[in-house]
J.: 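Sharing a structure below in structure tokens format, with a few things to ask.
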Amino acid sequence: MITNMLRGATALCLALTSLTFPSPTTATTTTTTRVPVPDVLPLEDAVGRLPVVEEDRTGYTRDSFKHWNTGLDAADGCDTRDEVLLAEAVQEPAVAAGCKLSGGKWDSYYDGVEVSEADNLSIDHMVPLAEAWESGADTWGAERREAYANDQGAATSLVAVTARTIRSKADQDPATWMPPLPDAHCRYIGEWTATKLRWGLTVDPAESEALKVYAEACETTVVHYNPAP
């Protein structure tokens, strides 16, 4: 079973360095192991790192991004969607054969709704697949697009929220859609920015201006991200 600790582990890596100290009779040997360290930036600085490019959705189809796949644990019978639901549950559901979930509770942060049935939730790609395509994913191969669509290496990439908010959002960026709960706006902008930075995606001019406006209002928001493998 996937837990919050498992899903978020890659977001909390430390840089590790191993050293072999020299003896008087041997040459110096130094071995260094490098593990990516998350970048931690004020939101305004993080937004400033996003390249601004005009976007083009030509050639996009949802089938270009294979999802849901077998997730982090291919042996648990749960796909990525189920694993995200298990990771984000505030009250753990029962898991039956075929990863059928029952009971449990979730907080849909886009609209502040508490949900007690997994079937009433959908998994949102923080940056929608169509938006990712026109922001740079059109140049990726199928394997990387699949990795993007099933990304559990960062807790901000996939979010369990009410189906109605996802239908409302569709494939819009923050220039035209924001969560209906105002208190969610700073978190949402931070997670949107983190996802774009993690995957090396661009922003269009209108999106960039919207992010800058929100960044000014969300002056205490901090962005954490690791570049995707």
Side-chain angles (χ1 to χ4, degrees), residues 1-13 35-36 38 60-133 137 140-171 179 184 187-188 191-192 194-195 198-199 201 224-229:
M1 181 178 296
I2 304 302
T3 64
N4 281 309
M5 182 178 295
L6 178 60
R7 183 166 179 246
T10 58
L12 298 173
C13 295
V35 177
Y60 168 74
T61 66
R62 192 169 176 81
D63 291 341
S64 298
F65 296 80
K66 181 181 177 182
H67 67 292
W68 305 110
N69 64 19
T70 56
L72 297 177
D73 184 355
D76 68 359
C78 301
D79 62 14
T80 298
R81 179 186 186 279
D82 295 325
E83 290 180 355
V84 173
L85 288 172
L86 289 168
E88 296 196 358
V90 295
Q91 180 178 310
E92 190 173 359
V95 185
C99 207
K100 177 66 176 177
L101 307 183
S102 60
K105 287 185 180 178
W106 292 263
D107 290 330
S108 171
Y109 95 78
Y110 288 3
D111 49 5
V113 173
E114 183 180 275
V115 180
S116 56
E117 292 290 338
D119 289 345
N120 293 334
L121 290 159
S122 292
I123 305 303
D124 186 35
H125 291 95
M126 172 56 61
V127 175
L129 301 181
E131 170 69 22
W133 176 271
W140 299 348
E143 184 176 348
R144 188 163 181 80
R145 287 198 289 267
E146 179 179 353
Y148 176 84
N150 296 274
D151 182 20
Q152 294 187 72
T156 58
S157 296
L158 300 171
V159 189
V161 291
T162 55
R164 66 187 179 189
T165 56
I166 293 182
R167 288 193 296 270
S168 172
K169 174 180 175 178
D171 55 13
R187 175 180 172 183
Y188 183 80
E191 294 185 356
W192 179 280
T195 303
R198 172 170 167 77
W199 288 93
L201 298 173
H224 301 248
Y225 78 95
N226 261 339

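On a predicted model such as this, the values are computed, not experimentally measured, just so you know.
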J.: Is any side-chain heavy atom of Pro93 closer than 4.5 Å to one of Leu85?
T.: no
J.: Closer than 3.5 angstrom, by distance alone: can the side chain of Glu88 be matched with the main-chain N or O of Ala160 as a donor-acceptor pair?
T.: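 The answer is yes, because a donor-acceptor pair under 3.5 Å joins these two groups.
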J.: List the steps and the verdict of side chain to side chain contact (heavy atoms under 4.5 Å, CB included) for Leu158 and Trp68.
T.: CA-CA 12 Å; Leu158 300 171; Trp68 305 110; 4.2 Å; yes
J.: Just verifying a value: how many Å separate Phe65 CZ and Glu146 CD, rounded to the nearest 0.5 Å?
T.: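 Answer for the CZ-CD pair, Phe65 versus Glu146, is 11.5 Å.
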J.: Decide side chain to side chain contact (heavy atoms under 4.5 Å, CB included) for Arg145 and Trp133; before the verdict, give the C-alpha distance in whole Å, the side-chain angles of both, and the deciding distance to 0.1 Å.
T.: CA-CA 9 Å; Arg145 287 198 289 267; Trp133 176 271; 3.9 Å; yes
J.: Any donor-acceptor pair under 3.5 Å linking the side chain of Asp73 with the backbone of Ala75?
T.: yes
J.: Could you tell me whether a side-chain N or O of Arg187 sits under 3.5 Å from a main-chain N or O of Tyr110, the two making a donor and an acceptor?
T.: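 Here the side-chain-to-backbone pair does not exist.
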J.: Return the minimal non-hydrogen interatomic distance between Thr70 and Glu83, and the atom names on each side.
T.: O-OE2, 3.7 Å
J.: Does any N or O in the side chain of Arg81 come within less than 3.5 Å of the main-chain N or O of Ile123, such that one atom is a donor and the other an acceptor?
T.: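 No; zero donor-acceptor contacts below 3.5 Å.
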J.: Closest approach of Arg198 and Pro229, non-hydrogen atoms and distance?
T.: NH2-CD, 4.2 Å
J.: Nearest heavy-atom pair of Ser108 and Thr162: which atoms, and what distance?
T.: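 Scanning both residues, the minimum pair turns out to be OG-N, 3.1 Å.
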J.: Examine the side chains of Thr61 and Ser64 and answer whether a donor and an acceptor come within less than 3.5 Å of each other.
T.: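 Judged by distance alone, the side chains do pair up.
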J.: Can you measure from OG1 (Thr165) to CG (Asp124) and round to the nearest 0.5 angstrom?
T.: 7.0 Å
J.: For residues Cys99 and Gly77, report the shortest heavy-atom separation together with the two atoms involved.
T.: CB-O, 3.3 Å
J.: Would you compute the distance between atom CH2 of Trp140 and atom CG of Leu201 and round it to the nearest 0.5 angstrom?
T.: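 Between Trp140 CH2 and Leu201 CG, I get 4.5 Å after rounding to 0.5 Å.
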J.: For Ala132 versus Val127, what's the shortest heavy-atom pair and its separation?
T.: N-CG1, 4.0 Å
J.: Between Thr195 and Glu191, is there a donor-acceptor pair closer than 3.5 Å when you use the side chain of the first and the backbone of the second?
T.: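 Yes, Thr195 side chain to Glu191 backbone: donor-acceptor pair under 3.5 Å.
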J.: With a 3.5 Å distance limit and no angle check, can you tell me whether Lys169 reaches the backbone of Met126 through a side-chain donor-acceptor pair?
T.: yes
J.: With rounding to the nearest 0.5 angstrom, report the CD to NZ distance, Gln91 to Lys105.
T.: 5.0 Å
J.: With a 3.5 Å distance limit and no angle check, can you tell me whether Asn150 reaches the backbone of Asp79 through a side-chain donor-acceptor pair?
T.: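 Looks like no, no N/O pair under 3.5 Å.
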J.: For the OH atom of Tyr148 and the NE2 atom of His125, what is their distance to the nearest 0.5 Å?
T.: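 Taking OH in Tyr148 and NE2 in His125, the distance rounds to 7.0 Å.
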J.: Do Val161 and Ile166 have side chains that get closer than 4.5 Å, going by heavy atoms?
T.: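 Heavy-atom side-chain distance check passes, below 4.5 Å.
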J.: Between Leu86 and Leu101, is the side chain to side chain contact (heavy atoms under 4.5 Å, CB included) condition met? List the steps.
T.: CA-CA 9 Å; Leu86 289 168; Leu101 307 183; 3.9 Å; yes
J.: Looking at Ala163 and Ser122, what are the two nearest heavy atoms and their distance?
T.: CB-OG, 3.5 Å
J.: Arg62 side chain to Leu129 main-chain N or O, any donor-acceptor pair under 3.5 Å?
T.: no
